[in-house]
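The structure under discussion appears below in the form of structure tokens.
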Amino acid sequence: MADDLCFFTKESFIIKPPKKNPLVLKMAVLIFVMVCGIYVCSTRIKQIGGQSSFGTLNIQVIEKKPCEAAIDIQPSEKPYLHFPKPKTFDRDECACNPVRYFAILSTQRSGSGWFETLLNSHINISSNGEIFSVKVRRSNISTIVETLDRIYNLDWFTSASKNECTAAVGLKWMLNQGLMQHHEEIVEYFKTKGVSAIFLFRRNLLRRMVSILANSYDQNAKPLNGTHKSHVHSTHEAEILAKYKPTINITLLIPNLKQVEDLVTKSMQYFKSTRHIILYYEDIINNHTKLLEVQEFLKVPQRDLNSRQVKIHKGALSSQVENWEDVKKTLKKTRYESFLQEDYKL
């Protein structure tokens, strides 16, 4: 009976452990690590947010101030200071250098080309030429505004472009290039965008007429080796072009002078509500401090300005007009008689 009860063998008491699953073990380790990580992070955050034996830790986020807030701008100057962000390049370290917008408003053969080269000799001024001489750019007010926006955003590239460190950017705009036709919209644009107008005209409209007639002759005759040049850079070229003496139509002389006079007066009336300065070619020649006034108007550093252009017509008008005696008789005892006098010397 006892033998029957003792039927267990040694092997019967050996309990084999269950086979371990590697995937379950890895998951358990991963969960343990995650729990520990969460605990450590939460503890650290509490230490930073609260008081500790080492004091309070303050975290400050430094926000980059806009350019307008980074420099001291007088309220009266604010409408005329701009910080363009060109699409075609990066202004880099000059991004917070303010830029002023301007437009030279003039008539053909009034010295605007010469005046513009003077401005462009300044390291911080970019005047981009007679942009609206191309008709498609002035076909309607939309194309005009689109063109102006590109110029004033520094995205218009010419030989005059100073790019990132430009302090004043503008163009030369003739009165007969859509300016008078769309004057209401353009005045509004100037006032909204803070564009300053620089009027440049000639006092002696008779001299301007001589220049126009001579330039028209040069376009056809091309005495300079078969090429037309509105402006020259050598005395020799100037002397060749000055040999031509135009004959002025006496019948149309006074009406033409009056037409230009009225156009100039009307333009100044249209744009009188804009920030502007009025200059005359003769005054700039006789008084070089006028260029200092222009630089002050544009708020750029004072510099000596220079131009490589050489004046074509010099001296008395009597030596430049073929039918001078007829012109003289026509203008005598009229309000234009003063044009017969020598108004400046070179």
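Below, all heavy atoms of this structure are taken into account, side chains as well, without hydrogens, waters or symmetry copies. In this chain, numbering begins with 1 at the start of the sequence shown.
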Query - Check against side chain to side chain donor-acceptor pair (under 3.5 Å), R208 and T107 - result: CA-CA 9 Å; R208 175 181 176 271; T107 57; 3.3 Å; yes
Report task. Let me see the working for L213 and Y217 under side chain to side chain contact (heavy atoms under 4.5 Å, CB included), right down to the final yes or no. Result -> CA-CA 6 Å; L213 293 173; Y217 167 79; over 6 Å; no
Requested in this report: Determine the minimum heavy-atom distance between Y152 and A103, stating which atoms define it.
Outcome: OH-CB, 4.0 Å
Report task. Specify whether F201 and Y280 have parallel, tilted or perpendicular ring planes, treating 30° as the upper limit for parallel and 60° as the lower limit for perpendicular. Result -> tilted
Query raised in the report: How many angstroms lie between atom CG of N256 and atom CG of N249, to the nearest 0.5 angstrom?
Result: 7.5 Å
Report task. With rounding to the nearest 0.5 Å, note down the distance linking NE2 in H288 to CG in L291. Result -> 7.5 Å
Query - Plane angle bin for F271 and F190 - parallel if under 30°, tilted between 30 and 60°, otherwise perpendicular - result: tilted
Query - Heavy-atom pair with the smallest gap, counting every atom of F199 and M268 - result: CZ-CA, 3.9 Å
**Report entry** Heavy-atom check, side chain of H122 versus side chain of V300, under 4.5 Å
**Finding:** yes
Requested in this report: Mind checking the CD-CD1 spacing from E184 to I141? Nearest 0.5 Å is all I need.
Outcome: 10.5 Å
Query raised in the report: Are any of the side-chain heavy atoms of L298 and N124 separated by less than 4.5 Å?
Result: no
Report task. For atom CZ of R335, decide whether the heavy atoms of other residues, nucleotides or ligands shown that lie under 6.0 angstrom number more than 12. Result -> yes
**Report entry** Note, L171 side chain near F132 side chain (heavy atom, < 4.5 Å)
**Finding:** yes
Query raised in the report: Are S196 and R275 close enough, and set up right, to give a side chain to side chain donor-acceptor pair (under 3.5 Å), and what steps lead you there?
Result: CA-CA 5 Å; S196 299; R275 181 177 182 268; 2.8 Å; yes
Report task. Report yes or no: does R91 contribute a side-chain atom to a donor-acceptor pair with the main-chain N or O of C94 at less than 3.5 Å? Result -> yes
Query raised in the report: Is R203 salt-bridged to D283, cutoff N-O under 4.0 Å?
Result: yes
Report task. Ignoring hydrogens and angles, state whether a donor on the side chain of N323 or T247 is under 3.5 Å from an acceptor on the partner side chain. Result -> no
**Report entry** Close side-chain approach of M180 and N176, heavy atoms under 4.5 Å
**Finding:** no
Report task. Work out which heavy atom in H82 is nearest to a heavy atom in G194; give both atom names and the distance. Result -> NE2-O, 3.6 Å
Query raised in the report: In Å, rounded to the nearest 0.5 Å, how long is the span from CG of N225 to CD of E237?
Result: 8.5 Å
**Report entry** Criterion side chain to side chain contact (heavy atoms under 4.5 Å, CB included) on V310 and S234, from CA distance to verdict
**Finding:** CA-CA 6 Å; V310 177; S234 74; 5.5 Å; no
Query raised in the report: Hey, mind stepping through E261 and Y336 against side chain to side chain donor-acceptor pair (under 3.5 Å) and telling me if it holds?
Result: CA-CA 11 Å; E261 188 179 53; Y336 304 115; 2.9 Å; yes
Requested in this report: Using a strict 4.0 Å threshold on nitrogen-to-oxygen distance, state whether R100 and E77 make a salt bridge.
Outcome: yes
Query raised in the report: Is there a side-chain contact between L179 and L175 (heavy atoms, below 4.5 Å)?
Result: yes
Query raised in the report: Do you know the tightest heavy-atom contact between M174 and S112?
Result: CE-OG, 3.6 Å
Requested in this report: Report the C-alpha distance between N215 and Q108 in whole Å, list the side-chain angles of each, state the deciding distance to 0.1 Å, and finish with yes or no for side chain to side chain donor-acceptor pair (under 3.5 Å).
Outcome: CA-CA 10 Å; N215 187 62; Q108 284 82 356; over 6 Å; no
Report task. Answer whether the closest heavy-atom distance between the side chains of I186 and V195 falls below 4.5 Å. Result -> no
Requested in this report: State whether the side chain of T274 and the backbone N or O of H276 hold a donor-acceptor pair below 3.5 Å, judged by distance alone.
Outcome: no
Query raised in the report: Any donor and acceptor pair, going by atom type alone, linking the side chain of S126 with main-chain N or O of A160 inside 3.5 Å?
Result: yes
Query raised in the report: Looking at K258 and D262, does any basic side-chain N land under 4.0 Å from a carboxylate oxygen?
Result: yes
Query raised in the report: Can you list the steps and then say if V321 with D326 is a side chain to side chain contact (heavy atoms under 4.5 Å, CB included)?
Result: CA-CA 10 Å; V321 179; D326 293 334; over 6 Å; no
Query raised in the report: For E282, does its backbone N or O pair with a side-chain atom of N286 as donor and acceptor, under 3.5 Å?
Result: yes
Requested in this report: Check whether any side-chain heavy atom of P86 lies under 4.5 Å from a side-chain heavy atom of F89, and answer yes or no.
Outcome: yes
**Report entry** Q259, CD atom: more than 12 neighbouring heavy atoms under 6.0 Å
**Finding:** no
Query - side chain to side chain contact (heavy atoms under 4.5 Å, CB included) assessment of V136 paired with T143 - result: CA-CA 8 Å; V136 67; T143 57; 5.9 Å; no
Requested in this report: For atom CD1 of I123, decide whether the heavy atoms of other residues, nucleotides or ligands shown that lie under 6.0 angstrom number more than 12.
Outcome: no
Requested in this report: Evaluate the side-chain proximity of I104 to W173: yes if any heavy-atom separation is below 4.5 Å, no if none is.
Outcome: no
Report task. Enter the distance from T117:OG1 to N306:CG here, rounded to the nearest 0.5 Å. Result -> 8.5 Å
Query - R207 to F339 six-membered ring, cation-pi geometry met (6.0 Å, 45°) - result: no
Report task. Measure across E116 and S127 and return the closest heavy-atom pair with its distance rounded to 0.1 Å. Result -> OE2-OG, 2.6 Å
Query raised in the report: Rounded to the nearest 0.5 Å, what separation is found between the CD1 atom of I198 and the CG atom of L105?
Result: 8.5 Å
**Report entry** Minimum-distance pair of heavy atoms, taken over all atoms of F83 and C67
**Finding:** CD2-CB, 3.5 Å
